[in-house]
Amino acid sequence: MSGMAMMDGMVHTADLEWKPLGPGTSYRLLRVSAETGVWSAILKMEKGAVFAPHKHLGPAEIFILSGSTQDRLGVTRAGDYEFEPLGAEHPSTTALEESLIHFTAHGPIAFHDDKGRIVMLLDSEFFLKEQAQEPQYSVKKAA
């Protein structure tokens, strides 16, 4: 994709491979915009997987497709929606069971250590660099 953002289109999520994001966590990228920094993905967390402490440097929208998680707001279950405002901080987020989550970030997420030092930035640039192949759309080129 070399710096290009995924364009509007239909994404057949079942055709996308799961890519590792961290221990027990993987993702299927739905869309990323180099222009706005917005990215959207389906996250899969195995039971017991943990997102390290982090701060939202842009708002985020979370919809639990299946499973359940525990975060700063409590327990989320399938069908629950969360909005994380700019500046929201989490000590951690833990999957209570295998969970699928539709996650849209409107800016970076800064993961930090116990001293508050940023150790990883999860943002549109991360996903643009991680994409090794062109997105697969439902409209294909004619032979």
Please assess His102 against Glu61 for the test side chain to side chain donor-acceptor pair (under 3.5 Å), listing each intermediate value before the final yes or no.
CA-CA 8 Å; His102 180 221; Glu61 298 180 72; over 6 Å; no
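- Under the side chain to side chain donor-acceptor pair (under 3.5 Å) test applied with Thr69, the options Asp80, Thr93, Thr76 reduce to a single match, Thr76.
- Hydrophobic clustering (side-chain heavy atoms under 4.5 Å, transitive across Ile, Leu, Val, Met, Phe, Trp, Tyr) keeps Leu73 apart from Ile62.
- Interatomic distance, Asp71 CG to Ser92 OG, rounded to the nearest 0.5 Å: 9.0 Å.
- No donor-acceptor pair closer than 3.5 Å links the side chain of Arg72 to the backbone N or O of His90.
- Cluster annotation: Phe126 is connected to Trp39 through the hydrophobic network of ILVMFWY side chains, with a link wherever side-chain heavy atoms come within less than 4.5 Å.
- One distance of note links NE2 of His54 with CE of Met120; it measures 11.5 Å at 0.5 Å rounding.
- Judged by distance alone, with hydrogens and angles left aside, the side-chain atoms of Arg28 form a donor-acceptor pair with the main-chain N or O of Leu16 at under 3.5 Å.
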Show me the donor-acceptor pairs, under 3.5 Å and distance only, between side chains in residues 43-53 and residues at least two apart or in other chains.
none

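- For Glu125, the CD atom sits in a loose shell: 12 or fewer heavy atoms of surrounding residues, nucleotides or ligands are nearer than 6.0 Å.
- Under the 30°/60° scheme for interplanar angles, the aromatic rings of Phe103 and His56 are found to lie parallel.
- Interatomic distance, Leu30 CG to Thr104 OG1, rounded to the nearest 0.5 Å: 7.5 Å.
- Side-chain contact check for Val75 versus Leu96: some heavy-atom pair is nearer than 4.5 Å.
- Separation of atoms OG (Ser26) and CD (Glu17) is listed at 10.5 Å; rounding is to 0.5 Å.
- Nearest heavy-atom pair, Tyr27 versus Pro20, reported as atom, atom and distance to 0.1 Å: CE2-O, 3.8 Å.
- Here the CZ-OG distance, from Arg77 to Ser68, works out to 6.5 Å after rounding to the nearest 0.5 Å.
- How far CZ of Phe63 is from OH of Tyr81: 10.5 Å, rounded to the nearest 0.5 Å.
- Annotation for Leu121: hydrophobic cluster partners, listed by chain and number, are Leu57 (ILVMFWY side-chain heavy atoms under 4.5 Å, direct or chained).
- Phe127 is not connected to Val38 by any chain of hydrophobic side-chain contacts under 4.5 Å among Ile, Leu, Val, Met, Phe, Trp and Tyr, and they are in different clusters.
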